[in-house]
Amino acid sequence: MKTVLKLEDIALFGISIWLFSLLSFSWWWYLVLFILPDLGCIGYIFNTKIGALFYNVLHHKGVAILLFSAGNYFTIESLQLADVVMFGHAAFDRVCGYGLKYNDSFKHTHLGYIGKSSTL
């Protein structure tokens, strides 16, 4: 099942690149902005609950789709850009095994635990 999910997210990552190609921005924007959703980790400075909330909002594909739709409806291309990159980043993270976070630990994700051991 993990392989099927990874293949699905590879396809979603490809869709984000295709959607980006429909926008009028230079390709370097995608590369530069690609790392920005990881700024959600800043919330972990406060505690794991706030960290998980910030991280999950910036890595939730549903949020990205909603915001992209708003950008498309209101023809705000910069919003479309931000959300195509956010969507692609989230899909890429899933391929690498990084899922949405639980409140107890950064390493505890909806895909399992990150790291060498399977538990904290």
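Sequential numbering from 1 along the given sequence is applied to the chain's residues. Just so we're clear, the structure is a prediction, and the values are computed from it rather than from any experiment. Below, all heavy atoms of this structure are taken into account, side chains as well, without hydrogens, waters or symmetry copies.
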**Request:** Start with the C-alpha distance between Ile17 and Phe13, add both sets of side-chain angles, then the distance that settles side chain to side chain contact (heavy atoms under 4.5 Å, CB included), and finish with yes or no.
**Result:** CA-CA 6 Å; Ile17 292 171; Phe13 179 63; 3.6 Å; yes
**Message:** Run Met86 and Phe68 through side chain to side chain contact (heavy atoms under 4.5 Å, CB included) and show every step you take.
**Reply:** CA-CA 10 Å; Met86 182 178 159; Phe68 180 81; over 6 Å; no
**Request:** Could you please spell out the steps behind the side chain to side chain donor-acceptor pair (under 3.5 Å) verdict for Ser16 and Tyr30?
**Result:** CA-CA 10 Å; Ser16 79; Tyr30 192 92; 2.8 Å; yes
**Request:** I would like to know whether Trp27 and Ser21 meet side chain to side chain contact (heavy atoms under 4.5 Å, CB included); could you show each step before the answer?
**Result:** CA-CA 8 Å; Trp27 279 100; Ser21 75; 3.7 Å; yes
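Two residues are said to be in side-chain contact when any heavy atoms from C-beta on lie closer than 4.5 Å; Leu81 and Leu33 meet this criterion. By the 4.5 Å heavy-atom criterion applied to side chains, Tyr98 and Leu111 are not counted as neighbours. Using a 4.5 Å heavy-atom cutoff, the side chains of His60 and Ile65 are not in contact. Using a 4.5 Å cut-off on side-chain heavy atoms (C-beta onward), His89 and Leu36 make no contact. By the 4.5 Å heavy-atom criterion applied to side chains, His110 and Asn56 are not counted as neighbours.
Note on Ile35 and Val85: separate hydrophobic clusters, where clusters join Ile, Leu, Val, Met, Phe, Trp and Tyr whose side-chain heavy atoms are under 4.5 Å apart, directly or indirectly. The hydrophobic clustering, which links ILVMFWY residues whose side-chain heavy atoms are closer than 4.5 Å, places Phe25 and Trp18 together. Cluster membership for Phe106 and Ile45, using ILVMFWY side-chain heavy atoms within less than 4.5 angstrom, is not shared. Taken together through direct or relayed side-chain contacts under 4.5 Å among Ile, Leu, Val, Met, Phe, Trp and Tyr, Leu19 and Trp28 form part of one hydrophobic cluster. Cluster membership check: Leu22 shares its hydrophobic cluster with Val84, using side-chain heavy-atom separations under 4.5 Å among Ile, Leu, Val, Met, Phe, Trp and Tyr.
If you take CG on Leu5 and CD1 on Ile10, they are separated by 11.0 Å, rounding to the nearest 0.5 Å. For the atom pair OG1 (Thr109) and NZ (Lys107), the distance works out to 12.0 Å, reported to the nearest 0.5 Å. Atom NZ of Lys101 and atom NE2 of His108 lie 10.5 Å apart (nearest 0.5 Å). To the nearest 0.5 Å, the span separating CD on Glu77 from CG on Asn72 amounts to 10.0 Å. Atom NZ of Lys61 and atom CG of Leu12 lie 5.0 Å apart (nearest 0.5 Å). Taking NZ of Lys49 as the start and CG of Asp104 as the end, the distance is 12.5 Å to the nearest 0.5 Å.
Between Leu39 and Leu58, the shortest heavy-atom contact is C-CD1, 4.5 Å. In this structure, Ile50 and Phe46 approach most closely via the heavy-atom pair CD1-CB, 3.9 Å. Summarising the geometry of Gln80 relative to Leu23, their closest heavy-atom pair is OE1-CD2, 3.2 Å, with the distance given to 0.1 Å.
Under the 6.0 Å cut-off for aromatic ring centres, Phe34 and Phe92 qualify, their centroids lying closer than that.
Partners of Asp93 according to the salt bridge (charged side-chain N to carboxylate O under 4.0 Å, His left out) rule, which considers only residues two or more places apart in sequence or in another chain, do not exist here. Under the rule for a side-chain contact (heavy atoms from CB on, under 4.5 Å), Leu66 has no partner lying at least two apart in sequence or in another chain. For Thr48, the side-chain contact (heavy atoms from CB on, under 4.5 Å) partners are Tyr44, not counting sequence neighbours.
Relative ring orientation between Tyr55 and His59 is described as parallel, the plane-to-plane angle staying below 30° on a 0-90° scale split at 30° and 60°.
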